[in-house]
Colleague: 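One structure, as structure tokens, below. Some questions next.
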Amino acid sequence: MAIFIKTKEEIEKMRVAGRLAKETLDMITPYVEAGISTNELDKLCHDYTINVQKAVPAPLGYKGFPKSICTSVNHQVCHAIPSNKKLKNGDIINIDITTIKDEYHGDTSRMFEIGKTSVKAKRLVKISYECLWVGINSVRPGAYLIKDVGAAIQRYAEAKNCSVVQDYCGHGIGRAFHEEPQVLHYFSPKTEDVMLQPGMTFTIEPMINAGKLAVKLLPDKWTVVTKDHSLSAQWEHTMVVTDTGVEVLTLSDGESQPLGLSSK
Ligand code: MF3
Ligand code: CO
Ligand code: CO
């Protein structure tokens, strides 16, 4: 089991990659409206990453993934492939951006609501965001990924009568898109727990379902959907464990580092 502890120089590169991923989400935000296709969103993000940021969209060609971003709508849980299908009033969509700059990755996703969404959808979007931050707030040196971070997320989601997807998790990140450790968003006694140390870099990206936790993979081999067709929502940040807590590398404007935990 190899978890790479990043040097100061590597963390600086990850700050840059994280900021670029966040900026692509900012760039695309005004376009995320009824009538646009997810292919159009993909092309805008692709061109911005390559031409403006002089960076690389990590998903493109990753294990055969055909596009530059993931666009998961409504009951789609994650990894949905952009298509010619247009967004419509009432949809919720997760846009997941991963950017490579100077060999290092930044990975972040947000939910967007299209037009007027249902009370149920709004509630799920809010709870999934809170689940991400319950996780982030549990990160500090000496804390454990499963019994502290994962368990806290699951406790929060289930107290709100939502379920946590168990088939996909967060991940270490750096020179590789996905590296050790796995970041479970629930408690499991079966997986070996990891004690957090300064310099560890990973994502937290809980997938929260309004219904049951079961998911299935579509025949395209990428798109994950809820089995019961219930809505699913997800938010993701990339972070580094600091000497005193955590620094979120993909923080958006108006979001603040957890109180008393950030190093800068
Ligand atoms: N960005 C996703 C994650 O959070 C992974 C997408 S893999 C892809 O880990 F190939 F579908 F892009
Ligand atoms: Co990720
Ligand atoms: Co991602």
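Because only heavy atoms are used, hydrogens play no part in the values below, and waters and symmetry mates are left out as well, while side chains stay in.
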Colleague: Check whether the side chains of Ser72 and Gln76 place a donor and an acceptor atom closer than 3.5 Å, and report yes or no.
Modeller: no

Colleague: Do side-chain atoms of Lys101 reach the backbone of Arg19 as a donor and acceptor pair under 3.5 angstrom?
Modeller: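 Pair absent, no side-chain N/O of Lys101 close to backbone of Arg19.
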
Colleague: Just by distance, do the side chain of Arg123 and the backbone of Ser118 share a donor-acceptor pair under 3.5 Å?
Modeller: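 Judged by distance alone, no pair lies under 3.5 Å.
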
Colleague: Which pair of non-hydrogen atoms, one from Ile208 and one from Ala157, has the smallest distance, and what is that distance?
Modeller: CD1-CB, 4.1 Å

Colleague: Between CE of Met239 and CG of Leu132, what distance do you get to the nearest 0.5 Å?
Modeller: 6.0 Å

Colleague: Tell me, with the steps shown, if Leu213 and Gln166 meet side-chain contact (heavy atoms from CB on, under 4.5 Å).
Modeller: CA-CA 7 Å; Leu213 61 79; Gln166 301 199 346; 4.1 Å; yes

Colleague: Under 4.5 Å between side-chain heavy atoms, counting indirect links through other Ile/Leu/Val/Met/Phe/Trp/Tyr residues: same cluster for Trp235 and Phe202 or not?
Modeller: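 Same hydrophobic cluster.
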
Colleague: Side chains of Thr226 and Asn209: any donor to acceptor distance under 3.5 Å?
Modeller: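 Their side chains do not contain a donor-acceptor pair, so the 3.5 Å distance test is not met.
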
Colleague: Can you confirm whether Leu41 sits close enough to Ile95 that some side-chain heavy atom of one is under 4.5 Å from a side-chain heavy atom of the other?
Modeller: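 In short, these two side chains touch, coming nearer than 4.5 Å.
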
Colleague: Check the pair Tyr62, His105 against ring-ring contact (aromatic ring centres under 6.0 Å, His included), reporting the backbone distance first and the verdict last.
Modeller: CA-CA 13 Å; Tyr62 176 78; His105 291 70; 8.1 Å; no

Colleague: Find the distance between CD1 (Ile36) and NZ (Lys85) and round it off to the nearest 0.5 Å.
Modeller: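 It is 15.5 Å, given to the nearest 0.5 Å.
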
Colleague: Can Arg110 and Asp26 be counted as an ion pair, charged N to O under 4.0 angstrom?
Modeller: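 Salt bridge between Arg110 and Asp26, a charged N being under 4.0 Å from a carboxylate O: yes.
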
Colleague: Do the side chains of Glu192 and Lys147 get close enough for a salt bridge, i.e. N-O under 4.0 angstrom?
Modeller: no

Colleague: Do Tyr104 and Val16 touch side chain to side chain, with heavy atoms closer than 4.5 Å?
Modeller: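 Contact flag for Tyr104/Val16 side chains = no.
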
Colleague: Would Leu145 and Met195 count as a side-chain contact (heavy atoms from CB on, under 4.5 Å) here? Give the steps.
Modeller: CA-CA 7 Å; Leu145 267 185; Met195 191 179 82; over 6 Å; no

Colleague: Any non-hydrogen side-chain atom of Gln197 less than 4.5 Å from a side-chain atom of Val241?
Modeller: no

Colleague: Please confirm whether the backbone N or O of Asp91 pairs with a side-chain atom of Asn74, one donor and one acceptor, at under 3.5 Å?
Modeller: no

Colleague: Identify the heavy atoms of Cys169 and Gln182 that sit nearest to each other, and give their distance.
Modeller: SG-OE1, 3.2 Å

Colleague: Kindly write out the residues that satisfy side-chain hydrogen bond (donor to acceptor under 3.5 Å, both in side chains) with Glu205, not counting sequence neighbours, or none if the list is empty.
Modeller: His171, Thr203, Gln234

Colleague: Hey, is the main chain of Arg155 close enough, under 3.5 Å, to the side chain of Glu158 for a donor-acceptor pair?
Modeller: no

Colleague: Can you spot which of Thr98, Leu249, Ile204, Thr108 makes a side chain to side chain contact (heavy atoms under 4.5 Å, CB included) with Thr238?
Modeller: Leu249

Colleague: Less than 3.5 Å apart, any donor N or O on the side chain of Lys67 or Asn39 sitting next to an acceptor on the other?
Modeller: yes

Colleague: Report the residues that fulfil ring pair (Phe, Tyr, Trp, His ring centres under 6.0 Å) with Phe65, sequence neighbours left out, ordered by chain and then residue number.
Modeller: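 If we apply the ring pair (Phe, Tyr, Trp, His ring centres under 6.0 Å) test to Phe65, skipping adjacent residues, the hits are Trp222.
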
Colleague: Could you tell me whether a side-chain N or O of Gln53 sits under 3.5 Å from a main-chain N or O of Leu20, the two making a donor and an acceptor?
Modeller: yes

Colleague: Taking Glu40 for its side chain and Ser37 for its backbone only, find out whether a donor-acceptor pair lies under 3.5 Å.
Modeller: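 Such a contact is found between Glu40 side chain and Ser37 backbone.
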
Colleague: Is the Tyr156 to His185 ring centre distance short of 6.0 Å?
Modeller: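 Ring centroids of Tyr156 and His185 are no less than 6.0 Å from each other.
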
Colleague: Would Leu44 and Leu25 show up in the same hydrophobic cluster when neighbours are defined by side-chain heavy atoms closer than 4.5 Å?
Modeller: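 Linked within one cluster.
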
Colleague: Ignoring hydrogens and geometry, is there a side-chain-to-backbone donor-acceptor pair from Lys54 to Asn51 under 3.5 Å?
Modeller: yes

Colleague: Take Ile93 and Leu87 through the side-chain contact (heavy atoms from CB on, under 4.5 Å) test and state the conclusion after the steps.
Modeller: CA-CA 9 Å; Ile93 179 175; Leu87 295 177; 3.9 Å; yes

Colleague: Counting C-beta onward and ignoring hydrogens, is there a side-chain heavy-atom pair between Asp107 and Asp96 closer than 4.5 Å?
Modeller: yes

Colleague: For Lys212 and Lys227, what are the C-alpha separation, side-chain angles and deciding distance, and is it a side-chain contact (heavy atoms from CB on, under 4.5 Å)?
Modeller: CA-CA 8 Å; Lys212 300 223 167 72; Lys227 251 189 188 159; over 6 Å; no

Colleague: Can you tell me how far CD of Glu236 sits from SG of Cys70, rounded to the nearest 0.5 angstrom?
Modeller: 9.5 Å

Colleague: Could you grab the distance from atom CD of Glu12 to atom NZ of Lys8, nearest 0.5 Å is fine?
Modeller: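 One gets 11.0 Å once the value is rounded to the nearest 0.5 Å.
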
Colleague: List the steps and the verdict of side chain to side chain donor-acceptor pair (under 3.5 Å) for Asn94 and Ser109.
Modeller: CA-CA 7 Å; Asn94 172 278; Ser109 80; 2.9 Å; yes

Colleague: Where do Ile97 and Cys45 come nearest, in terms of heavy atoms and distance?
Modeller: CD1-SG, 3.9 Å

Colleague: Contact between Thr242 and Pro198 at the side-chain level, heavy atoms closer than 4.5 Å - yes or no?
Modeller: no

Colleague: According to a 4.5 Å side-chain heavy-atom criterion applied to Ile, Leu, Val, Met, Phe, Trp and Tyr, with indirect links allowed, do Tyr129 and Val125 form part of one hydrophobic cluster?
Modeller: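 Yes, one cluster joins them.
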
Colleague: Looking only at atom types and distance, does a side-chain atom of Ser252 sit under 3.5 Å from a main-chain N or O of Glu255, one as donor and one as acceptor?
Modeller: no

Colleague: So do Val215 and Tyr168 actually touch side chain to side chain, heavy atoms under 4.5 Å?
Modeller: yes

Colleague: Flag the pair Ile153 / Tyr186 as yes when at least one side-chain heavy-atom distance between them is below 4.5 Å, and no otherwise.
Modeller: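 Side chain of Ile153 against side chain of Tyr186, heavy atoms only: no contact under 4.5 Å found.
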
Colleague: May I ask you to test the Val194-Ile146 pair for a side-chain heavy-atom distance under 4.5 Å?
Modeller: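 Contact flag for Val194/Ile146 side chains = no.
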
Colleague: With a 3.5 Å cut-off and no angle check, do the side chains of Thr223 and Asp220 form a donor-acceptor pair?
Modeller: yes

Colleague: For Lys126, check side-chain hydrogen bond (donor to acceptor under 3.5 Å, both in side chains) against everything at least two apart and list the hits.
Modeller: Glu130

Colleague: May I have the step-by-step check of salt bridge (Lys or Arg N to Asp or Glu O under 4.0 Å) for Glu113 and Lys122, ending in yes or no?
Modeller: CA-CA 8 Å; Glu113 298 183 33; Lys122 279 190 196 306; 3.0 Å; yes

Colleague: Could you tell me if Lys6 and Thr201 have a donor-acceptor pair between their side chains, going purely by distance under 3.5 Å?
Modeller: yes

Colleague: How many angstroms lie between atom CG of Asn89 and atom CD1 of Ile114, to the nearest 0.5 angstrom?
Modeller: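 The CD1 atom of Ile114 is 9.0 Å from CG of Asn89, to the nearest 0.5 Å.
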
Colleague: Looking only at heavy atoms, which two atoms of Ser163 and Gly211 are closest? And how far apart?
Modeller: OG-O, 2.7 Å

Colleague: So, for Trp133 and Ser256, which heavy atoms are closest and what is the spacing to 0.1 Å?
Modeller: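 Heavy-atom minimum between the residues: CH2-O, 3.6 Å.
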
Colleague: Are Ile69 and Tyr48 joined in one hydrophobic group, where the rule is that I, L, V, M, F, W and Y side chains link up if heavy atoms are under 4.5 Å apart?
Modeller: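 Ile69 clusters together with Tyr48.
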
Colleague: Count I, L, V, M, F, W, Y as connected when their side-chain heavy atoms are under 4.5 Å apart, and connections chain through other members. Are Val240 and Leu251 then in the same cluster?
Modeller: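 Not linked; separate clusters.
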
Colleague: For Thr38 and Ser83, which heavy atoms make the closest approach, and how far apart are they?
Modeller: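 Nearest heavy atoms, Thr38 then Ser83: OG1-N, 2.9 Å.
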
Colleague: Distance check, rounded to the nearest 0.5 Å: Asp193 atom CG versus Asp148 atom CG?
Modeller: 7.5 Å

